[in-house]
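Scroll down for the structure; my scribbles are underneath it.
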Amino acid sequence: MPKITIDDLDMEVPEGITVLQACELAGKEIPRFCYHERLSIAGNCRMCLVEVSPGPPKPAASCALPVGDGMNIKTNSDMVKKARNGVMEFLLINHPLDCPICDQGGECDLQDQAMAYGQDHSRFQENKRAVKEKHMGPLIKTIMTRCIHCTRCVRFATEIAGVPEIGMLGRGEHAEITTYLEKSLNSELSANVIDLCPVGALTSKPYAFVSRPWELKKTESIDVFDALGSAIRVDSRQTEVLRVLPRLNEDINEEWITDKSRFAVDGLSRQRLDRPYLRFDGKLRESSWTEAFDCIQSRLRTTDGDRIAAVTGNQCDAEAMIALKDLMTNLGSNNIDCRQDGAKLSSECRSSYLFNTTISNIELSDAVLLVGTNPRMEAPLINTRLRKGWMNDTLKVAALGPDIDLTFPVDHYGNDPRTLQSISEGLEPFSHILSKAERPAIILGMGALTRSDGPAILHLARNIAEEYGLIKDDWNGFNVLHTAAARVAGMDMNFLPSNGGLDLEGILSGAKAGTIDVVYLLGADEIEMSRLGDAFVIYQGHHGDAGANRADVILPGAAFTEKNCTYVNTEGRVQLARQATQPPGEAKEDWKIIRALSDSLRRSLSFTTLGDVRARLVEENSLFDNVGDILPSSWVPFGSYGEILDEEFKCPISNYYMTCPISRASQTMAECSKEFSSQSSEENFADA
């Protein structure tokens, strides 16, 4: 390990790190604009200058200088201070005086560094330059006159997002950052450039002129727009969520979030259910909680338990689901299902429905087989992990399913599910790659598991995992990629039919045939409502979406930002979401609604507080007591042998920007959907 001296402090540092990283290890703060830990080194801003000896008698850019044995580094000498002051003066030469109206104000790196290294005057007498604004889509607002050409956005788009659509054109004073062809940045992660931009050149278009950071209440929470459980911070003012930002979590989302996670929250204030409703003569009218409960009680009083069913949605919290499960048990019903999409999964083996490799470790794999999944749409941050493995020249990916663009090369094996049998028998080239790989993996998507032959595909995937060494003492390469934030928690608490109960297909068929009289939909909006027939439908949720339009009784619940609740992500990690705002109007937390309804039905539940509900969760499954941890799961046989149908895989997500009641109510997501669908149509027309 090299021995160096930093400001008279002798220390040893790891081989191969830069001077900037060494200074950070020593606790020295080095200003920077272009340098970022997750991006390649550019060395354009020169703000990180330090004095190094032995070496040339001039400041050196610490971000691009490798540490050498015997270096003597000074971070606060007169030479360094003068150099940084000069760099700051150059950076501010053309920067406009926009701070009072800039959305970056209060969170601006340039503003902070100018306070430390700036001057109260400028020697630049010429006219400041002005740069034309660029079009980057409905999410990113550009004021490129503020740009200091750090190229963070360029490197993010090229290296992380995998869409090299941003670059710098021109030289010297004529240099400009722009999108090629002046089109929207076509990536599900595009808005992360807003966080990366150290000045106010790239800001949030929907959030423009809305508030200042010091006005906001900041709440740490969990994202529920996919099954990853990304760490987020919810910024709210009074009763309204104004923005969502990523939090650092190396195990899941690093420091990125998807565009939907960031911007769909404006849907929280639109089309909300804020009071109970009852349907009379085919029309919904407002009612009180007492009237709604009395209506439900009168209907259930004359209904046998085996003619009652419950289905939970994709964003339900664990507390609400365990409350509903206990209520159904008290009513004598085993017709319950948390698999709103009809996935053919069982709770008998936990490994059979988890992303066992874990999100952070999937990038360590050297061969991955994708079956019926498009991670770019279903879990963009897993796609970035796969891309990182490919960029390190350690990962080969093959896909069986629709032809997809994952932003990196993929060997496409067509869309015939029977090819999976050929891979299992060693008849495909990728079979040899899997057999030679040290850390092989398979990822099954909902496009493969929601089919009628889902159990056979699951069984065949297990065979591949066992035959090709995907299951080892220190490695489990079998993965199921969920699209619903609520799914794993529902599986863990066994919110599934038992003792002859009906699953989703049985519930819908029974409702259509008249053998199911009452259906309780807990945030379930993605099922075929037309198949509910004449059943009496109770809908509990937070938006006036498909379920509310079909319901006979509507009970207004709380969205994920309006309650303290528990989720389990696709890798089996228990996570807590925190309440940021209050539910609107008369809406209540979901478990409290079910608890009050149980009293009205004289089928009282055993808990009265949130702590009691969570104790009930732990009683149902001790895994819920290990918040933040991933516990090992046993590997036992699962799936069932059967015929693979000659039917192509279909992607479960047809429109990335509208996948749930919140995103469908979002004006921003509607603009994105319109923008990128029209852009895709234009590209297809040009290709034709």
Side-chain angles (χ1 to χ4, degrees), residues 6-7 18-52 58-65 73-124 128-129 131 141-156 168 173 175 177 192-204 212-214 245-246 248 255:
I6 300 178
D7 291 341
T18 65
V19 170
L20 188 149
Q21 292 169 322
C23 291
E24 288 186 335
L25 291 176
K28 305 297 181 179
E29 184 177 351
I30 305 297
R32 84 290 299 268
F33 294 115
C34 69
Y35 175 79
H36 192 276
E37 293 82 353
R38 303 187 195 279
L39 303 176
S40 61
I41 295 173
N44 356 9
C45 76
R46 319 308 288 182
M47 196 66 205
C48 63
L49 295 173
V50 295
E51 184 178 349
V52 180
K58 63 179 183 179
S62 61
C63 70
L65 180 63
I73 302 164
K74 296 181 179 179
T75 67
N76 210 21
S77 65
D78 291 338
M79 177 194 291
V80 170
K81 291 179 181 178
K82 184 177 180 181
R84 291 176 182 172
N85 290 342
V87 169
M88 179 58 65
E89 187 174 1
F90 273 115
L91 290 175
L92 295 177
I93 277 176
N94 283 307
H95 199 79
L97 301 176
D98 281 350
C99 294
I101 61 165
C102 178
D103 277 320
Q104 199 84 344
E107 299 173 318
C108 178
D109 293 345
L110 183 64
Q111 200 175 52
D112 295 339
Q113 299 300 338
M115 289 293 294
Y117 301 102
Q119 304 181 46
D120 60 356
H121 64 280
S122 173
R123 291 174 286 177
F124 188 73
K128 288 178 179 281
R129 74 168 192 164
V131 181
K141 178 183 177 184
T142 63
I143 303 181
M144 303 311 292
T145 302
R146 301 171 182 166
C147 180
I148 62 171
H149 303 151
C150 70
T151 69
R152 279 187 180 182
C153 57
V154 177
R155 285 174 283 149
F156 173 84
M168 186 162 67
E173 195 172 72
I177 299 291
N192 287 288
V193 299
I194 297 171
D195 300 329
L196 287 172
C197 184
V199 296
L202 304 177
T203 55
S204 170
R212 288 298 195 183
W214 52 84
L245 298 176
L248 181 65
E255 58 189 85

If you measure from [atom1] on [X] to [atom2] on [Y], what distance do you get to the nearest 0.5 Å?
X	Y	atom1	atom2	result
Cys197	Arg146	SG	CZ	9.5 Å
Glu107	Thr203	CD	OG1	11.0 Å
Ile148	Met47	CD1	CE	9.5 Å
Asp103	Lys141	CG	NZ	5.5 Å
Asn76	Glu29	CG	CD	11.0 Å
Cys153	Ile177	SG	CD1	5.0 Å

Hey, mind stepping through Phe33 and Leu91 against side chain to side chain contact (heavy atoms under 4.5 Å, CB included) and telling me if it holds? CA-CA 11 Å; Phe33 294 115; Leu91 290 175; 3.5 Å; yes
Search all heavy atoms of [X] against all heavy atoms of [Y] and return the closest pair with its distance.
X	Y	value
Gly200	Cys102	CA-SG, 3.8 Å
Thr145	Arg129	CG2-O, 3.6 Å
Val52	Ala60	CG2-CB, 4.4 Å
Ser40	Arg155	O-NH1, 2.5 Å
Met144	Leu202	SD-CD2, 4.0 Å
Gly106	Gln111	N-OE1, 3.0 Å

Decide side chain to side chain contact (heavy atoms under 4.5 Å, CB included) for Leu92 and His95; before the verdict, give the C-alpha distance in whole Å, the side-chain angles of both, and the deciding distance to 0.1 Å. CA-CA 5 Å; Leu92 295 177; His95 199 79; 4.2 Å; yes
Okay, side chain of [X], backbone of [Y]: is any donor-acceptor separation there less than 3.5 Å?
X	Y	value
Asn44	His149	yes
Glu51	Val80	no
Thr18	Gln21	yes
Ser62	Val19	no

Using a cut-off of 6.0 Å, state whether more than 12 heavy atoms not belonging to [X] lie near its atom [atom1].
X	atom1	result
Phe124	CZ	yes
Lys128	NZ	yes
Arg46	CZ	no

Is there a side-chain contact between [X] and [Y] in this structure, where contact means two heavy atoms from C-beta onward sitting under 4.5 Å apart?
X	Y	value
Asp98	Gln104	no
Cys63	Leu20	yes
Val131	Cys147	no
Tyr35	Cys48	no

Looking at Lys82, Arg84, Met79, which one forms a side-chain contact (heavy atoms from CB on, under 4.5 Å) with Pro59?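 Option passing the side-chain contact (heavy atoms from CB on, under 4.5 Å) with Pro59: Met79.
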Have a look at Val50 and tell me which of Ile30, Leu65, Asp7 forms a side-chain contact (heavy atoms from CB on, under 4.5 Å) with it.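 With Val50 as partner, side-chain contact (heavy atoms from CB on, under 4.5 Å) holds for just one option, Ile30.
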